[in-house]
Novice: 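I'd like to ask you about the structure that follows.
Chain letters run A, B, ... following the sequence lines, proteins first and then strands; every chain starts at 1.
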There are 2 protein chains.
Amino acid sequence: MNDMNIDVGAHLKAVRQMYGLSQRELAKRAGVTNGLISLIEQNRVSPSVSSLKKVLDGIPMTLADFFTLDLAGRSPVFFARDELADIGTGSVELRLVGSQLPKRSMSILHERYPGGADTGDEVLSHAGEEGGVVVKGRIELTVAGEARTLGPGDAYYFKSLLPHRFRNPGTEDCEIVSASSPPTF
Amino acid sequence: MNDMNIDVGAHLKAVRQMYGLSQRELAKRAGVTNGLISLIEQNRVSPSVSSLKKVLDGIPMTLADFFTLDLAGRSPVFFARDELADIGTGSVELRLVGSQLPKRSMSILHERYPGGADTGDEVLSHAGEEGGVVVKGRIELTVAGEARTLGPGDAYYFKSLLPHRFRNPGTEDCEIVSASSPPTF
DNA sequence: TCATGTCGTTCATGATATTAAACACCCGGA
DNA sequence: TCCGGGTGTTTAATATCATGAACGACATGA
């Protein structure tokens, strides 16, 4: 999911070759010129989204797939509460279950928000999904601009891409057990 | 996903507004002009990949996330405790978060085991991984023949293939919040 | 009422993407 | 040797994008 420095040209070239297409073949199927594909692959131009889409249609591959594509014993089972790694910042306590496990498919957290605590102004946002159940106290959760206050037994589940923020508006501590997949931590 | 007919303009607008940014704010953060964002959102131009990337950097969001994000299928996010579907059998209560969501990558459960309750003689075993945190009371968990009693704040995480069983040996109710991926329910 | 600020839109112009055609290279066959 | 057909690359002309500044509409307050 790292397209920070995605090299569109090299990426397109790799994809094209994986499908066994020449620049001219692909150009013909995509309805563009072979020269354009050459220029794109050399990063001498940054194609418009519409023309990149046309090119990918000739493969065929979606824009989402193009940008998503990545080219690049017996574990412990039980964890005492004190063994959970605290990865929280500031006053918020985030205790991660199984931090030492090499390849997890989820992050399970035991979270505690003191009264007034929140996850900060900066918006949290990452791939995958997350959900949780409020165990104690009350939390105000804002997802994609929509806010709601949840109490004990209430729950949430959303795509982590949506901007979200947790805030404890009261004075009593709030505890949550949450999970996210793929793992955030 | 679905970017067959992706409307880049409307999509950008929705994302921008979701993050509470004006065209000018976003333009400033992205290092482009507000006019360009206006034109893109009206689909009067198809931005180059490089300028779309600049714009998304101002949010911030990756190209992959932008093209992957599904806005049409915006699902419910918040669930009151009474809305959680009880899928338990016998005396054990299993409340599933987001049972109505079409495609989840996890099952998140709020579980309650009355005193003496257990998950039955037959051993549970399925693909994937699961973990959880004990919220209240005590539970005896047996995984691959190894048993341990966990109290509030204690946790577990294991591959679901390992035979496992939950039992409440005491008289007080025991509550757990758990997650499994891929979803069991 | 007028001033100030922010919103999104528009337009002329300069910058860049895209085309069409030519170019250089390599290979297998006459 | 030279030809035809396959690569990918380059160039000049054209189409499109991106900028900077101005615009009208809508708020908030003095």
Side-chain angles (χ1 to χ4, degrees), chain A residues 3-64 66-67 69 71 121 123 142 144-147 163, chain B residues 3-64 66-67 69 71:
Chain A
D3 60 2
M4 304 228 298
N5 299 353
I6 186 175
D7 180 342
V8 172
H11 208 71
L12 175 59
K13 183 171 188 172
V15 169
R16 172 175 66 80
Q17 291 177 336
M18 270 170 38
Y19 282 77
L21 297 169
S22 70
Q23 290 182 347
R24 281 184 162 82
E25 274 179 282
L26 177 54
K28 184 178 177 185
R29 296 170 56 167
V32 300
T33 59
N34 61 303
L36 174 58
I37 291 182
S38 175
L39 294 172
I40 293 173
E41 289 187 355
Q42 298 170 76
N43 286 319
R44 291 179 45 182
V45 299
S46 175
S48 68
V49 170
S50 57
S51 57
L52 179 58
K53 177 174 184 339
K54 277 203 290 185
V55 170
L56 294 177
D57 283 348
I59 288 185
M61 171 176 286
T62 66
L63 287 163
F66 180 78
F67 287 109
L69 184 59
L71 296 174
D121 273 342
V123 134
T142 307
E146 189 180 355
Chain B
D3 59 1
M4 304 233 299
N5 302 356
I6 185 174
D7 180 341
V8 173
H11 207 71
L12 176 59
K13 182 171 188 172
V15 169
R16 173 175 64 78
Q17 291 177 335
M18 216 185 278
Y19 282 78
L21 298 169
S22 71
Q23 290 182 345
R24 279 182 162 81
E25 274 179 282
L26 177 54
K28 185 179 177 185
R29 296 170 57 165
V32 300
T33 58
N34 62 303
L36 174 58
I37 292 182
S38 176
L39 294 172
I40 293 173
E41 290 187 354
Q42 298 170 78
N43 285 320
R44 290 179 46 184
V45 300
S46 174
S48 69
V49 169
S50 57
S51 57
L52 179 59
K53 175 171 185 340
K54 277 203 289 185
V55 170
L56 294 178
D57 283 347
I59 288 185
M61 172 176 285
T62 67
L63 287 162
F66 180 78
F67 287 108
L69 182 56
L71 290 172

Novice: Find which nucleotide of DNA chain D each of B/Pro47 and A/Gln17 is nearest to by heavy atoms, and output the residue with the more 5' nucleotide.
Specialist: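 That would be A/Gln17.
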Novice: Indicate whether OP1 or OP2 belonging to D/dT16 is found under 4.0 Å from a side-chain N or O atom of B/Arg44.
Specialist: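 So the side chain of B/Arg44 is outside the cut-off, no N or O lying under 4.0 Å from OP1 or OP2 of D/dT16.
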Novice: Side chains of B/Gln23 and B/Glu41: closer than 4.5 Å at any heavy-atom pair?
Specialist: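 When only atoms from C-beta onward are counted, B/Glu41 and B/Gln23 do touch, with a gap below 4.5 Å.
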Novice: Separation of A/Glu25 atom CD from D/dG5 atom P, in whole Å?
Specialist: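 Distance, rounded to whole Å: 16 Å.
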Novice: Fit a plane to each ring of B/His11 and B/Phe66, take the angle between them on a 0 to 90° scale, and name the class: parallel (under 30°), tilted (30 to 60°) or perpendicular (over 60°).
Specialist: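 If you compare the ring of B/His11 with that of B/Phe66, the planes turn out perpendicular.
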Novice: Could you give the NZ-to-C1' distance, from A/Lys28 to D/dT7, as a whole number of Å?
Specialist: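 Rounded to whole Å, this separation is 16 Å.
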Novice: If you apply the rule side chain to side chain contact (heavy atoms under 4.5 Å, CB included), what do you find for A/Lys28 with A/Asn34, and how did you get there?
Specialist: CA-CA 8 Å; A/Lys28 184 178 177 185; A/Asn34 61 303; over 6 Å; no
Novice: Which part of the nucleic acid, if any, lies within reach of A/Leu39 when heavy atoms closer than 4.0 Å are counted: base, sugar-phosphate only, or nothing?
Specialist: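 Contact class for A/Leu39: base.
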Novice: Heavy-atom nearest nucleotide on DNA chain C for A/Ser50 versus B/Arg16: which residue maps closer to 5'?
Specialist: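 Final value for this comparison: B/Arg16.
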Novice: Are A/Arg16 and A/Glu25 close enough for a salt bridge, meaning some N to O gap below 4.0 Å?
Specialist: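 No, A/Arg16 and A/Glu25 are not salt-bridged.
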Novice: Under 4.0 Å, heavy atoms only, any strand: does A/Ser22 hit a base, just the sugar-phosphate, or nothing?
Specialist: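 Sugar-phosphate contact only.
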Novice: Can you tell me if the side-chain N/O atoms of A/Gln23 get under 4.0 Å from OP1 or OP2 in D/dT9?
Specialist: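 Yes, A/Gln23 has a side-chain N/O under 4.0 Å of OP1/OP2 on D/dT9.
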Novice: Report the distance from atom CD of B/Gln42 to atom C1' of D/dA18, rounded to the nearest whole Å.
Specialist: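 It is 14 Å, rounded to the nearest whole Å.
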Novice: Roughly, in whole Å, what's the span from CG in A/Leu21 to P in D/dG8?
Specialist: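 Atom CG in A/Leu21 sits about 10 Å away from atom P in D/dG8.
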Novice: Quick check for you: name the first and last nucleotides of DNA chain C, 5' to 3', having an atom under 4.0 Å from a heavy atom of chain B.
Specialist: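 Span of nucleotides near chain B: C/dC7 to C/dT10.
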Novice: Working note: B/Leu52 + B/Phe67, criterion side chain to side chain contact (heavy atoms under 4.5 Å, CB included); need CA distance, chi angles, decisive distance, verdict.
Specialist: CA-CA 11 Å; B/Leu52 179 59; B/Phe67 287 108; 3.9 Å; yes
Novice: Ignoring the backbone of B/Arg24, work out which of D/dA18, D/dC23, D/dT9 is nearest its side chain.
Specialist: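 Selected nucleotide: D/dC23.
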Novice: Can you measure A/Asn34 atom CG to D/dG8 atom P for me and round it to whole angstrom units?
Specialist: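 Rounded to whole Å, this separation is 9 Å.
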Novice: Are any non-hydrogen side-chain atoms of B/Arg29 and B/Leu21 less than 4.5 angstrom apart?
Specialist: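 The answer is yes, as the side chains (C-beta and beyond) meet within the 4.5 Å cut-off.
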Novice: Is the closest side-chain heavy-atom distance between B/Val15 and B/Ile59 below 4.5 Å?
Specialist: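 When only atoms from C-beta onward are counted, B/Ile59 and B/Val15 do touch, with a gap below 4.5 Å.
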Novice: Using atom CD1 of B/Ile37 as one end and atom P of D/dA18 as the other, report the distance to the nearest whole Å.
Specialist: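 The distance from CD1 of B/Ile37 to P of D/dA18 comes to 11 Å, rounded to the nearest Å.
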Novice: Using whole Å, report how far CG of A/Leu36 lies from C1' of D/dT16.
Specialist: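 Interatomic distance, CG of A/Leu36 to C1' of D/dT16: 13 Å.
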Novice: With a 4.0 Å cut-off on heavy atoms, is B/Ser48 in touch with a base, just the backbone sugar-phosphate, or nothing at all?
Specialist: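 Since only primed, P, OP1 and OP2 atoms lie under 4.0 Å of B/Ser48, the category is sugar-phosphate.
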